[in-house]
Participant: 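Just passing along the structure, written as structure tokens.
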Amino acid sequence: MLDKERIPKHVAIIMDGNGRWAKKRGQIRVKGHNEGMKALREIVKHSDILGVKYLTVYAFSTENWKRPVEEVTGIFKLLVKYVASELDELNKNNVQVHIIGDWSKVPEDAQESIKKAINTTANNTGLVFNIAINYGGRAEIIRACNNLIAEGIENITEEKFAEALYTANCPDPDLIIRTGGEYRLSNFLTWQSAYSELVVVDTYWPDFTPAEYEKAIEIFQGRNRRFGGL
Ligand code: IPE
Ligand code: IPE
Ligand code: MG
């Protein structure tokens, strides 16, 4: 049974398996991304219901540019569609949208949608919803180093370093869920995941439901987090 008193504060999700979901059905990969967007809608809503305070989702990695141009274009078109269809609801639910990653490199119309989503929800006080777009953990670390050098910092501490990351002001993820069955992080939250609990499920992302989400949190609740202690 899910313990409502011990809901992880920050859940991060590697939304993987869209392509395989589509392939299994003889459909093009972008169809899988489209269905994945619907799954995301439900998971955001359910995060709020459960009392998760921070939700971070991996939407596009710094390595995903290696994919065929039609797929990359399709993914960013879906981002525009997602914002158009979901922004009102997100805003009504008091969700704050943040983007982690270098979104200055994404197509112009997607940048416009991102700006709109950030600005519309900037004063909201509910769920912090971080969408990782053109995000890579290594790129994030190098960017933080360069920013700190540019500021002329002389003594770097873990705290100051964490504040130079995209996730400044967010606690580290308690739980990282990966759908699609692969046991790897694929450059996601490299610094922040040091003590995260990992739960991998075989379900492809478009099939991931709130019930499965609760099951993953139950697994998390059964773990003994020691942080190096006893
Ligand atoms: C994850 O699904 C979404 C993105 C990387 C944008 P994939 O597209 O990686 O799906 P699979 O892993 O090929 O099934
Ligand atoms: C990770 O999935 C990135 C996202 C879910 C956005 P990938 O499908 O890109 O990861 P690999 O290639 O299997 O490691
Ligand atoms: Mg994949």
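For this chain, numbers begin at 1 and follow the sequence in order. Just so it is clear, the values below take in all heavy atoms, side chains as well, and ignore hydrogens, waters and symmetry mates. Just so you know, ligand 1 is whichever comes first in the structure, and atom 1 is the first atom listed for that ligand.
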Participant: Any donor-acceptor pair under 3.5 Å linking the side-chain atoms of Tyr54 with those of Thr167?
Facilitator: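 No donor-acceptor contact under 3.5 Å links the two side chains.
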Participant: Does Phe60 approach ligand 2 within less than 4.0 angstrom via side chain, backbone, both or neither, non-hydrogen atoms only?
Facilitator: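 Just the backbone.
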Participant: Give me the one residue out of Asn93, Asn124, Val57 that meets side chain to side chain contact (heavy atoms under 4.5 Å, CB included) with Phe129.
Facilitator: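 Of the listed residues Asn93, Asn124, Val57, the side chain to side chain contact (heavy atoms under 4.5 Å, CB included) partner of Phe129 is Val57.
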Participant: Nearest to atom 1 (C) of ligand 2 by heavy atom, Thr179, Ile14, Asn187, Thr62: which?
Facilitator: Ile14
Participant: So if I count the atoms of ligand 1 from 1 in the order they appear, which ones are less than 4.0 Å from some heavy atom of Asp16?
Facilitator: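 Per the distance check, 1 (C), 2 (O), 7 (P), 9 (O), 10 (O), 11 (P), 12 (O).
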Participant: For His10 and Gln192, does a side-chain donor sit closer than 3.5 Å to a side-chain acceptor?
Facilitator: no
Participant: Name the closest protein heavy atom to atom 10 (O) of ligand 1, giving the residue it belongs to and the distance to 0.1 Å.
Facilitator: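 Here the nearest protein heavy atom works out to Gly19 N, 2.9 Å.
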Participant: Heavy-atom distances under 4.0 Å are what count here, so tell me which part of Ala59 touches ligand 1: side chain, backbone, both or neither.
Facilitator: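 The answer is the backbone of Ala59.
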Participant: Would you find a donor on one side and an acceptor on the other, under 3.5 Å apart, between the side chain of Tyr135 and the backbone of Leu189?
Facilitator: yes
Participant: Please list the nearest protein heavy atom to atom 9 (O) of ligand 2 with its residue and the distance rounded to 0.1 Å.
Facilitator: Asn64 ND2, 2.9 Å
Participant: Could you walk me through whether Ser61 and Asn187 pass the side chain to side chain contact (heavy atoms under 4.5 Å, CB included) test, one step at a time?
Facilitator: CA-CA 8 Å; Ser61 76; Asn187 207 8; 5.9 Å; no
Participant: Evaluate the criterion salt bridge (Lys or Arg N to Asp or Glu O under 4.0 Å) for residue pair Asp174 and Arg225; output intermediate values, then yes/no.
Facilitator: CA-CA 10 Å; Asp174 301 292; Arg225 300 184 82 189; 3.1 Å; yes
Participant: Taking a cutoff of less than 4.0 Å between a non-hydrogen atom of the residue and any ligand atom, is Gly17 in contact with ligand 1?
Facilitator: yes
Participant: At under 4.0 Å between heavy atoms, which part of Ala132 makes contact with ligand 2: side chain, backbone, both or neither?
Facilitator: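 Under 4.0 Å from ligand 2, Ala132 contributes no heavy atoms.
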Participant: Are any of the heavy atoms in His33 under 4.0 Å away from ligand 2?
Facilitator: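 His33: no contact with ligand 2 (<4.0 Å).
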Participant: What's the shortest distance from atom 11 (P) of ligand 2 to any protein heavy atom, and which residue and atom give it?
Facilitator: Ser186 OG, 3.6 Å
Participant: Tell me if a side-chain donor or acceptor on Arg20 pairs with a main-chain N or O of Gly180 at a distance below 3.5 Å.
Facilitator: yes
Participant: Going by atom types only, do Asn18 and Lys31 share a side-chain donor-acceptor pair under 3.5 Å?
Facilitator: no
Participant: Just going by heavy-atom distances, which of Arg20, Arg67, Arg29 is nearest to atom 13 (O) of ligand 1?
Facilitator: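 Nearest heavy atom to atom 13 (O) of ligand 1 lies in Arg29.
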Participant: At the 4.0 Å heavy-atom cut-off, does Lys66 count as touching ligand 2?
Facilitator: no
Participant: Ile75 heavy atoms, cut-off 4.0 Å: which ligand 1 atoms fall inside?
Facilitator: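 That gives atoms 6 (C) of ligand 1.
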Participant: Heavy atom under 4.0 Å from ligand 2: found in Arg184's side chain, backbone, both, or neither?
Facilitator: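 Side chain only; the backbone of Arg184 stays clear of ligand 2.
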Participant: When you measure from the Mg ion (ligand 3) to the N, O or S atoms of Asp16, does any of those distances fall below 2.8 Å?
Facilitator: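 Yes - counting backbone and side chain alike, Asp16 has an N, O or S atom under 2.8 Å.
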Participant: Could you tell me whether Arg67 sits above the aromatic face of Trp65, with NZ or CZ closer than 6.0 angstrom to the six-membered ring centre and within 45 degrees of the axis?
Facilitator: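 No cation-pi geometry.
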Participant: Give the ring-plane orientation class for Phe60 versus Phe76, where under 30° counts as parallel, over 60° as perpendicular and anything between as tilted.
Facilitator: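 Taking Phe76 first and then Phe60, their aromatic rings sit tilted (interplane angle of 30° to 60°).
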